[in-house]
Each structure stands twice: as C-alpha cells, then as structure tokens.
There are 2 protein chains.
Amino acid sequence: MRNIAEAVNITTPALYNHFKNKQSLYLAAISDTFENKSELLLQALSGQEKPLLRLHRFITQLSQVLHDDPDFHRLMQRELLDGDEERLRYLAQEIFGASFQQMMELLVELNPDCDAHSLAVIIIGMVQKPYELNPLDRFFPDSRQQHNNPAYISGQVMAVLSTYLGDTV
Amino acid sequence: MRNIAEAVNITTPALYNHFKNKQSLYLAAISDTFENKSELLLQALSGQEKPLLRLHRFITQLSQVLHDDPDFHRLMQRELLDGDEERLRYLAQEIFGASFQQMMELLVELNPDCDAHSLAVIIIGMVQKPYELNPLDRFFPDSRQQHNNPAYISGQVMAVLSTYLGDTV
DNA sequence: TTTATATTAATGAGCGTTAATTAACAAGAT
DNA sequence: ATCTTGTTAATTAACGCTCATTAATATAAA
C-alpha cells in the first residue's frame, strides 16, 4: 500500500478513500488488467474465416498480449499460484471462459476426433512458455533476441501445429 | 519461519541452530527439491535409442515429475516470478542447463533445420501448462479426470509433435 | 453546507531475528 | 568409573521493524 501510494503521489491513508482495503484494490487491479484482454482474444478466434487462419490470429494475438503487457502475464501467474477459489473461478469463467469455449469449437472444426480441451491447454502452453521462461533464457545456451519476439514465437508454434492440424482440414 | 518451526515441532529460534537465516533455509529447500529432478530428466534424454523414443521418454518423465511433486512445480513457478539473478542463473545453469542442452541436440537430430532452442521451450510449455492450469481446470467446460494424468498428457503432446518431427526422420 | 479527498499521527499485529539460558551428550583427563 | 569440558540443540523472552489500517482533522469544490 505504501508503494502504491507513493507511485500515485498521495499518502497511504488517502488510498482508503478510493478502496476499502488492500484486497479490494488488488481485485480492481486484476479486473482492470484482465478484462480488456479477454475480448481481444475472443475477437481473434471469431469470424467467418478458415479455422486455421483464426487459430493463427489467436496465437499471434495471445503472443502479442503477453509480450506487450508483462503485468498481465505476471498477475496471471501469480493468480495461478496463490489465487483462492473465488478468484480462480472468476478468472476461468468471467475472463477466459468464452475464449476457451470458442477455442475448443475451433479445434473440433479442425480435427473432430481430437480432445479439444487438452489440445487448447497445450497450445496455450506453447505460446505462453517462452515468456514464462524469459527470465531464465539469457542463462541458456543459444539464447537469441528473436526468442522474445511475438511474431517469431507465433510462427514457430504454427509451424508445429499446422502439420498436425493442417492435414485434417 | 514460525510456520516451519511448528511443522517440525520445534520453536522458531531453534531453526537458527540449523540455518543461518530464512534465506539460507529457503535455498536449501530449493536445492533439495530441484537437484534430483534434473538428473532424472537428463537420463531420460540420454541413451543410444532412436531420437523420437528418447523424446517420448523425456516428455513422459517430465510429465510424471510435475504430477508427482507439486512442490517442485510450485517452487519453479515462484522462482520464475520472483527469483533474483543469482537464483535464476543457478536454476538455468546448474539444474536445467545440461538437460536443455541435451534436449536441443536431440531436436537437431530430429530436424536439423529447426530452431532447437525455441522448439525446446515450446515443448516444455506443452507438457507443463496442463499442470499450471490445473487449479483453473475444474471451472472450464469439458474438464475431465484424464487431463491431469501424466501418461495421457504425454500422449497428447507426442501426438502433436510426432507429425511435425516424425516426417523429418 | 455538504461531500469528497487529502493530511498527520497513531495503533496493533506479524515478521525475522537475537539474547540469555539450559539440557543432553560425547571425548579426554584424572 | 568419574569428573571436566566443549559442542549441539533446545527453550523463553524480547527487540526492532514493517505492514495494513483507523482516528482525528483539514481543505477544496459543488
């Protein structure tokens, strides 16, 4: 609370005129960070274009979001580690529910026999992990600039996926 | 410190007969949790068998480790979020360096043209993300038991990968 | 005049840590 | 065998600091 107050140039108790307590300020921060992202992702998945194109658009969008807003990524990770049941439900249902559903339907279109749920999770992992491992990356061999580039990452992910999904279209 | 002391049935100051301070206790906990895992993963990658088989063994082993030792997974995530430079270097070099190197060499064997570094990260993401999203999973549609089963997860991951890597062997 | 928003000062709880002391036990000297 | 000594590991009590939060009060705008 002291850090936040300092960052917005007021004293700590003045924060309590705007938020009931630390918890409610945190929830407001989470909501503000998450809510506009979910719409971006849903839009990328929707449309009348060919499924593989929409998948590509989603992967690129997710990669871009993770790259452009590190706070979003960090808050997400922190919630997964420490979020209580109520916050996790909020995240799963209000924030990512619609996108996840849409994603699964898209995957079934591409491959009716696949386990869409499992595949969706795997794809999210492919895109997100490069950013998650980013703090470690400079200590790994063969670390290069492009490994943190959204376009490059989504290209790599699509290369792997399109051989698996492309044949079934 | 109070919680740990209570868990081991001594008083808090007695802990300081065993560890200099909280930081050193934490480092000891991390080392103990991480060090034997890295050897398991390296073993799975090594050997004279066909590359695709070794990859499968690695993915299964990683999946198994993440499933069997949730503390390992949680500590890893926490270090990625909050680890200082020294601890991240330790993790990248001492713990996962050899496995990562071996993994890259294996991927080059499978596809000499691929970006092994990028691909290695993506594969780790495919395996790890199901466990990372596990707390969220029960709020998602189509949530099933098997999505937390190591054998099932590694099967799904291999299904995606083998079409991409298998053709190039 | 009321409402919103800021301030200074203080409170109470929790934290890591240290001080001072004691009990248990092993090793060497008598 | 007993006594001395040193080490290890436990205890109770307390310290100093940080934290979120509240009380009491002031200021500015509607």
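Side-chain atoms are counted along with the backbone in the values below, which use heavy atoms only and exclude waters and symmetry mates. Residue numbering restarts at 1 for every chain, and letters A, B, ... go by the order of the sequence lines. Model, not experiment: these values are computed from the prediction.
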Can you pull the ring pair (Phe, Tyr, Trp, His ring centres under 6.0 Å) pairs that have at least one residue in residues 102-133 of chain B, sequence neighbours excluded? H147(A)-H117(B), F100(B)-H117(B)
Rounded to whole angstrom units, what separation is found between the CZ atom of F19(A) and the P atom of dA4(C)? 16 Å
For the pair made of CD in E6(A) and P in dT18(D), what is the distance, rounded to whole Å? 14 Å
What residues form a side chain to side chain donor-acceptor pair (under 3.5 Å) with H73(A), not counting sequence neighbours? Q128(A)
I10(A) CD1 to dA4(C) C1', in whole Å, measures 13 Å
Per-nt protein contacts along nucleotides 8-20 of chain C (heavy atom under 4.0 Å; B base, S backbone sugar-phosphate only, - none) come out as BB-----BBBBB-
Rounded to whole angstroms, how far apart are CG on N17(A) and P on dT22(D)? 12 Å
For H18(A) and dA6(C), is the shortest distance between a side-chain N/O and OP1 or OP2 below 4.0 Å? yes
Residues 27-69 of chain B vs ring pair (Phe, Tyr, Trp, His ring centres under 6.0 Å), sequence neighbours excluded, gives F34(B)-F72(B)
Determine whether Q77(B) and L80(A) make a side-chain contact, defined as any pair of heavy atoms from C-beta on separated by less than 4.5 Å. no
Could you identify which residues cluster with V108(A), counting Ile, Leu, Val, Met, Phe, Trp and Tyr as linked when any side-chain heavy atoms lie under 4.5 Å apart, either directly or through a chain of such contacts? none
Starting from I10(A), walk the hydrophobic network (Ile, Leu, Val, Met, Phe, Trp, Tyr; side-chain heavy atoms closer than 4.5 Å) and list everyone else you reach, by chain and number. M1(A), I4(A), V8(A), L15(A), Y16(A), F19(A), L25(A)
